[in-house]
Amino acid sequence: MPKGTANPQPLRCLVRSSDGWWVQLSRNGIEHRHLFKFGTIRSEPEALALAQARRDHLMQEHPEIPR
């Protein structure tokens, strides 16, 4: 994707692994990653909700800078 073009599918930032949900977001050349494990969090839907909240927070905190 060319720089300065907004990501049309922010859900691609969420990746399911065998043990949890990864938030993988690249903003302005900085990679943000965090794992929400199913074992630490009570259930998969709760882990997904936390991952989505983290993604939304990161997108708000680090808006893309158009170039």
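Note: hydrogens, waters and symmetry copies are ignored here, and every other heavy atom, side chains too, is used.
For D56, the side chain to side chain donor-acceptor pair (under 3.5 Å) criterion is met by no residue, not counting sequence neighbours. Listed by chain and number, the residues in a side chain to side chain contact (heavy atoms under 4.5 Å, CB included) with Q60 amount to none (sequence neighbours excluded). In this structure S17 satisfies the side chain to side chain donor-acceptor pair (under 3.5 Å) test together with D19, sequence neighbours excluded. Judged as a side chain to side chain contact (heavy atoms under 4.5 Å, CB included), and not counting sequence neighbours, the contacts of L50 are F36, I41. Partners of H57 according to the ring pair (Phe, Tyr, Trp, His ring centres under 6.0 Å) rule, which considers only residues two or more places apart in sequence or in another chain, do not exist here.
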Query raised in the report: Please walk me through it: do R27 and L58 pass side-chain contact (heavy atoms from CB on, under 4.5 Å)?
Result: CA-CA 9 Å; R27 288 293 205 183; L58 286 171; over 6 Å; no
Query raised in the report: Going through the checks in order, is the side-chain contact (heavy atoms from CB on, under 4.5 Å) test met by Q24 and C13?
Result: CA-CA 5 Å; Q24 298 175 335; C13 303; 5.8 Å; no
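Only one option out of H32, R33, E31 pairs with S26 in a side chain to side chain contact (heavy atoms under 4.5 Å, CB included); it is E31.
The CD atom of E46 sits 14.5 Å away from atom CH2 of W21, with the distance rounded to the nearest 0.5 Å. Atom CD of Q52 is separated from atom CG of L14 by 6.0 Å, given to the nearest 0.5 angstrom. How far CZ of R54 is from CD of E61: 7.5 Å, rounded to the nearest 0.5 Å. Here the CG-CZ distance, from L25 to R55, works out to 9.0 Å after rounding to the nearest 0.5 Å.
Sorted by first and then second residue, the salt bridge (charged side-chain N to carboxylate O under 4.0 Å, His left out) pairs involving residues 35-44 (not counting sequence neighbours) are R16-E44.
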